[in-house]
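Single-structure report; data block below.
In this chain, residues are counted from 1 in sequence order. Small disclaimer: the values here were computed from a predicted structure and weren't measured.
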Amino acid sequence: VQLQASGGGLVQAGGSLRLSCAASGRTFSSYLMGWFRQATGKEREFVASISRNGISTIYADSGEGRFTISRDNVKNTVYLQMNNLKPEDTAVYYCAGDSSFSSYATSRTAANYDYWGQGTLVTVSS
């Protein structure tokens, strides 16, 4: 599968953005999907994950209550709605997918994802 992330941009603190990740192919519903981010000079970190069937979701503590991951298996797209953004959310955001998990599984571990998008930059100004 090929993944194409979009929706990043410059936003003021307290604002919102919705990231999208479009997947190619006809088996999107077979893929566990996740969002990760990497700030300049820092390691890539987990943001959110959603199961193949869209029922199970998990979040990093940093985004709990502010971020919402969702997916549309008809449109082959996963979303990350980010509200109340903070300057520390500034990073390149990557979507990722993997097809080796069960329908309800989620994962925080980057190494579990075999497919990655190119990243979209989110900049939050104070």
Side-chain angles (χ1 to χ4, degrees):
V1 67
Q2 291 185 325
L3 303 175
Q4 180 75 35
S6 62
L10 174 64
V11 64
Q12 289 187 333
S16 299
L17 281 175
R18 187 176 81 156
L19 306 182
S20 299
C21 176
S24 63
R26 295 176 291 177
T27 59
F28 178 70
S29 60
S30 299
Y31 287 81
L32 158 71
M33 297 298 297
W35 285 97
F36 292 77
R37 69 186 184 185
Q38 187 167 18
T40 302
K42 295 186 177 181
E43 293 185 354
R44 188 170 299 189
E45 65 177 5
F46 169 75
V47 176
S49 175
I50 187 166
S51 61
R52 289 166 48 186
N53 58 17
I55 292 176
S56 302
T57 58
I58 55 172
Y59 298 90
D61 289 345
S62 58
E64 189 74 53
R66 299 188 298 126
F67 295 176
T68 302
I69 188 171
S70 61
R71 66 189 296 160
D72 186 330
N73 284 347
V74 174
K75 295 182 178 180
N76 287 3
T77 303
V78 63
Y79 304 97
L80 184 68
Q81 176 68 43
M82 303 186 294
N83 298 327
N84 190 23
L85 283 161
K86 305 175 181 180
E88 52 264 43
D89 294 318
T90 294
V92 177
Y93 283 70
Y94 299 90
C95 59
D98 194 85
S99 61
S100 59
F101 287 80
S102 63
S103 295
Y104 287 86
T106 56
S107 176
R108 301 174 180 269
T109 304
N112 285 342
Y113 293 82
D114 284 343
Y115 301 94
W116 291 82
Q118 85 289 359
T120 185
L121 176 62
V122 172
T123 304
V124 184
S125 63
S126 57

>> Check whether T109 reaches the backbone of A111 with its side chain - one donor and one acceptor, N or O, closer than 3.5 Å.
In response: no
> Centre of F28's six-membered ring, under 6.0 Å away, within 45 degrees of the axis: is that where NZ or CZ of R71 sits?
Replying inline: yes
> Any donor and acceptor pair, going by atom type alone, linking the side chain of T77 with main-chain N or O of A22 inside 3.5 Å?
Replying inline: no
> Under the side-chain contact (heavy atoms from CB on, under 4.5 Å) criterion, do Q81 and S16 qualify, and how do the steps go?
Replying inline: CA-CA 7 Å; Q81 176 68 43; S16 299; 3.9 Å; yes
>> Could you work out, with side-chain contact (heavy atoms from CB on, under 4.5 Å) as the rule, every residue matching Q4, not counting sequence neighbours?
In response: Q118
>> So does S100 get a backbone contact from the side chain of D114, meaning a donor-acceptor N/O pair under 3.5 Å?
In response: no
> If Ile, Leu, Val, Met, Phe, Trp and Tyr residues are connected whenever their side-chain heavy atoms lie under 4.5 Å apart, and connections chain through other members, are Y94 and I50 in the same group?
Replying inline: no
> Do you know which two heavy atoms are closest between G97 and Y31, and how far apart they sit?
Replying inline: C-CD2, 4.1 Å
> Are the side chain of T106 and the backbone of S49 linked by a donor-acceptor contact shorter than 3.5 Å?
Replying inline: no
> If two hydrophobic side chains count as joined below 4.5 Å and joins carry through other members, does L19 share a cluster with V78?
Replying inline: yes
>> Run the side-chain contact (heavy atoms from CB on, under 4.5 Å) test on M82 and R66 for me, step by step, so that the C-alpha distance in whole Å, both residues' side-chain angles and the decisive distance to 0.1 Å come before the verdict.
In response: CA-CA 6 Å; M82 303 186 294; R66 299 188 298 126; over 6 Å; no
>> What I'd like to find out is whether the side chain of Q12 reaches to under 4.5 Å of the side chain of V124, using heavy atoms alone.
In response: no
>> Please give me the minimum heavy-atom distance between A91 and L121, naming the atom from each residue.
In response: O-CD1, 3.6 Å
> Between CZ of R108 and CD of E45, what distance do you get to the nearest 0.5 Å?
Replying inline: 11.5 Å
>> I'd like to know if the side chain of Y113 reaches the main chain of S107, judged simply by a donor and an acceptor atom lying under 3.5 Å from each other, with no hydrogens or angles considered.
In response: yes
> Nearest heavy-atom pair of F101 and L32: which atoms, and what distance?
Replying inline: CD1-CD2, 3.5 Å
>> Quick check: closest heavy atoms across S51 and S103, and the distance to 0.1 Å?
In response: CB-O, 3.2 Å
> Taking all atoms of both residues into account, what is the closest heavy-atom pair of L80 and W35, and its distance?
Replying inline: CB-NE1, 3.5 Å
> Mind checking whether T68 and Y79 have side chains closer than 4.5 Å, heavy atoms only?
Replying inline: no
> When the ring planes of F36 and W116 are compared, do they come out parallel, tilted or perpendicular, using 30° and 60° as the limits?
Replying inline: tilted
>> To the closest 0.5 Å, what do you measure between CZ (R37) and CD (E43)?
In response: 14.0 Å
> Could you go step by step and tell me if L17 and V11 meet the side-chain contact (heavy atoms from CB on, under 4.5 Å) rule?
Replying inline: CA-CA 8 Å; L17 281 175; V11 64; 4.1 Å; yes
> Are side-chain heavy atoms of M33 and L3 found at a separation under 4.5 Å?
Replying inline: yes
>> Please report the interatomic distance CD1(I69) to SG(C21), rounded to the nearest 0.5 Å.
In response: 9.5 Å
> Under 3.5 Å, side chain of T120 to main-chain N/O of G8, donor-acceptor pair present?
Replying inline: yes
>> Is there a side-chain contact between T90 and V122 in this structure, where contact means two heavy atoms from C-beta onward sitting under 4.5 Å apart?
In response: no
> Where do F67 and D89 land on the side-chain contact (heavy atoms from CB on, under 4.5 Å) test, with the steps shown first?
Replying inline: CA-CA 11 Å; F67 295 176; D89 294 318; 3.8 Å; yes
>> Any non-hydrogen side-chain atom of I58 less than 4.5 Å from a side-chain atom of F46?
In response: yes
> Minimum heavy-atom separation for V1 to Y115, with atom names?
Replying inline: O-CD2, 3.4 Å
> How long is the span from the OG atom in S30 to the CG atom in N53, to the nearest 0.5 Å?
Replying inline: 11.5 Å
